[in-house]
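Worksheet: one structure, shown below.
Counting from 1, the numbers follow the sequence of the chain as shown. Heavy atoms only: backbone and side chains are in, while hydrogens, waters and symmetry mates are out. In listed order, ligands and their atoms are each counted from 1.
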Amino acid sequence: MARRIIHIDLDAFFVSVEQALNPELKGKPVVVGGRPDRRGVVASASYEARKFGLYAGMPLATASRLCPRATFIEGGFAKYREASKRFMAILADFSPFLEPMGLDEAYLDATGFESIHGSVHQMATKIKQRIQDELGLHASVGIAGCKVVAKVASELSKPDGLLEVASGNERSFLAPLPIAKLPGVGEKTERILRGSGINTVGQLSLMPLSALKNHFGAYGELLHRYANGIDNREVEPPSAAKSISRETTFGKDTGDRTLLKATLRYLGERVGNTLRQRGEHARCVTLKLRYADFTTITRRHTLSQTTDSDQAIFDTGLMLLQKELSPGKQPVRLIGIGVSNLVEGGRQLDMLDSSAQRQEQLNKAIDRIRNRYGFTAIQTGRTLPLKDIFPENEGGYTLHTPSLSR
Ligand code: TTP
Ligand code: MG
């Protein structure tokens, strides 16, 4: 099924928030960034100010020379963060497949949402309307079969625009555009490409992949795909995209089960500590092993309930480890444990389950001590064997990979 991706970006965001709060500024050249007699640059310029050649990044002094009658505002980040939160909340009402990109920009996967809203175009119109009604802001929207084309479309539609690229037309839509319009093409790349006579995305799309790879390496491949309107990146809601993992390589390959378990416990506790610091729960636990001959395996287990407990992370890791360890196996070179499918907050503890409550309280107490005095300030029984093996350093064990001191 062809995907339908929406890219949405608010117009002159900082300035528009100021204008919504102070309607006297509407329809006028306005700059957020600071007073013109100060050092500093334009953060956001209203479209009226852009007519005078003002743009983000321009020194304030230059801006005031080009447009002396513009209103210059210092701005306040708290206002923009608040507006951003409300903007994202509106988007979340339309699709759970939402990937915020900074404060005023997001991707939504609207595949299959036609039936709810009539069409994705109508869905986008409703989103724009709500943003205008509730926040007093204008948004520009691009709709296409992939992220990169949707982004180009929204940019092209500004201000207050809505541009849909029909399925299958991605390549021909991009072809006439100057290469600088393609995300990923910065000033330097633009210069190099123009130097070889490549001025449009269409010309870039016709360059042989091998030539681009020779010139730009892996980045050349990306350019080739984007220029051809190909972009398989998913819209990734932040929590689903995240994972936390810790791993280490042993100084000497080992088959010692006590050492393997103790290291797994230690790594698992580091993972759990980070998870709790972020206020998240995990649904999946992954074990990673690399054997002496560099064969690497990962084994994953999905839990029936999300967790942030060291014990649950370790128990699951241990269960996976025990399945892998058999007398005939090679010694282990590297061991790692990670969690994924993270959700904010996670489940409410079952209040009847007093052992789960005790676990939670224990984890919290351990975290408090460790966050204050260092990781090795308190030991769980399982990690004690590590004391004899690894030197301690700055409140943690010095193992053989830097990732452990993270
Ligand atoms: P943008 O979306 O790039 O710019 P914009 O919303 O002001 O204008 P447009 O209509 O072209 O989207 O950035 C969003 C906000 O981020 C912008 O309002 C201010 C801030 N910002 C900076 O502080 N510095 C910068 O250099 C840029 C580009 C943006
Ligand atoms: Mg914007």
Side-chain angles (χ1 to χ4, degrees), residues 5-23 25-36 38-64 66-67 70-91 98-108 124 127-132 134-144 147-163 177-178 180-188 190:
I5 308 295
I6 291 177
H7 178 263
I8 181 159
D9 186 295
L10 298 174
D11 299 331
F13 177 48
F14 286 8
V15 164
S16 303
V17 171
E18 300 293 344
Q19 288 171 324
L21 294 170
N22 177 6
L25 296 172
K26 281 187 184 167
K28 293 182 181 161
V30 177
V31 167
V32 170
R35 297 234 313 272
R38 301 268 177 81
R39 289 150 57 91
V41 296
V42 174
S44 177
S46 67
Y47 279 79
E48 293 78 14
R50 292 185 202 193
K51 287 185 192 136
F52 294 85
L54 274 55
Y55 56 84
M58 173 183 272
L60 289 167
T62 316
S64 91
L66 290 174
C67 185
T71 307
F72 288 83
I73 302 172
E74 194 91 50
F77 199 72
K79 290 181 265 186
Y80 313 140
R81 200 172 37 220
E82 177 60 24
S84 173
K85 249 170 73 182
R86 294 172 60 196
F87 164 58
M88 296 298 173
I90 292 174
L91 300 183
L98 165 68
E99 183 178 351
M101 310 287 296
L103 288 176
D104 82 327
E105 182 187 348
Y107 290 101
L108 281 124
I127 295 175
K128 277 167 63 78
Q129 194 61 50
R130 273 196 61 187
I131 291 168
Q132 191 171 339
E134 294 172 31
L135 306 179
L137 302 175
H138 290 297
S140 293
V141 178
I143 307 169
K147 279 180 164 180
V148 72
V149 178
K151 184 170 169 74
V152 172
S154 77
E155 179 68 34
L156 223 60
S157 80
K158 275 181 176 292
D160 199 16
L162 171 48
L163 184 55
L177 301 175
K181 291 271 180 224
L182 196 66
V185 176
E187 274 176 35
K188 195 173 153 208
E190 186 188 4

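The side chain to side chain contact (heavy atoms under 4.5 Å, CB included) test applied to Met101 returns Glu99, Glu105, Tyr107, not counting sequence neighbours.
The SG atom of Cys67 lies 4.0 Å from the CZ atom of Phe52; values are rounded to the nearest 0.5 Å. Note that NZ of Lys85 and CZ of Arg81 are 8.0 Å apart. Values are rounded to the nearest 0.5 Å.
Close approach of ligand 1 to Asp9 is summarised as follows: ligand atoms under 4.0 Å from at least one heavy atom of the residue are 2 (O), 12 (O). Interface of Asp104 with ligand 1, defined as ligand atoms under 4.0 Å from a residue heavy atom, comprises 2 (O), 6 (O), 14 (C). Proximity to Ser44 (heavy-atom distance under 4.0 Å) selects the following atoms of ligand 1: 7 (O), 17 (C), 18 (O), 19 (C). The contact set between ligand 1 and Phe13, taken as ligand atoms under 4.0 Å from a residue heavy atom, comprises 5 (P), 6 (O), 7 (O), 18 (O). Short contacts between ligand 1 and Leu10, defined as distances under 4.0 Å to a heavy atom of the residue, involve ligand atoms 6 (O), 9 (P), 10 (O), 12 (O). Annotation for ligand 1: atoms under 4.0 Å from non-hydrogen atoms of Tyr47 are 9 (P), 10 (O), 11 (O).
Note: Phe14 and Tyr80 have parallel aromatic rings, judged against thresholds of 30 and 60 degrees for the angle between ring planes.
Using 4.0 Å as the threshold, Lys158 has a heavy atom nearer than that to some atom of ligand 1. Look at Ala12 and you'll find a heavy atom under 4.0 Å from some atom of ligand 1.
Not a single donor-acceptor pair under 3.5 Å links the side chain of Ser157 to the backbone N or O of Leu163. In this structure, the side chain of Asp11 engages the main chain of Asp160 through a donor-acceptor pair within 3.5 Å. Side chain of Lys28 to backbone of Ser46: no donor-acceptor contact under 3.5 angstrom is found. In terms of modelled atom types and a separation under 3.5 Å, the side chain of Ser16 and the main chain of Ala12 share a donor-acceptor contact.
Among Asn22, Leu25, Val31, the single residue meeting the side-chain contact (heavy atoms from CB on, under 4.5 Å) criterion with Ile73 is Leu25.
Within the set Gly57, Ala43, Ala139, Ser154, the minimum heavy-atom distance to atom 25 (C) of ligand 1 is found for Ala43. Closest heavy-atom approach to atom 20 (C) of ligand 1 among the candidates Tyr80, Phe77, Phe14: Phe14.
Looking only at protein heavy atoms, the nearest one to atom 28 (C) of ligand 1 is Ala56 CB, 3.7 Å.
Within the 4.0 Å heavy-atom criterion, the part of Arg50 lying near ligand 1 is the side chain and not the backbone.
Remark: atom 3 (O) of ligand 1 lies closer than 4.0 Å to no protein heavy atom.
Contact between Leu66 and Met58 at its shortest, heavy atoms only, is CD1-CE, 3.6 Å. Contact detail for Gly75 and Val32: the closest heavy-atom pair is CA-CG1, 4.1 Å. The shortest heavy-atom contact between Ser154 and Gly142 is CB-N, 3.2 Å.
The count of protein N, O or S atoms under 2.8 Å from the Mg ion (ligand 2) stands at 3, with waters excluded from the count.
Taking distance alone, with nitrogen or oxygen atoms compared against 3.5 Å, Val15 stays at or beyond that limit from ligand 1. Among the atoms of Ala45, none of the N or O lies under 3.5 angstrom from an N or O of ligand 1.
For NZ of Lys158, the number of neighbouring non-hydrogen atoms (other residues, nucleotides, ligands) closer than 6.0 Å is greater than 12.
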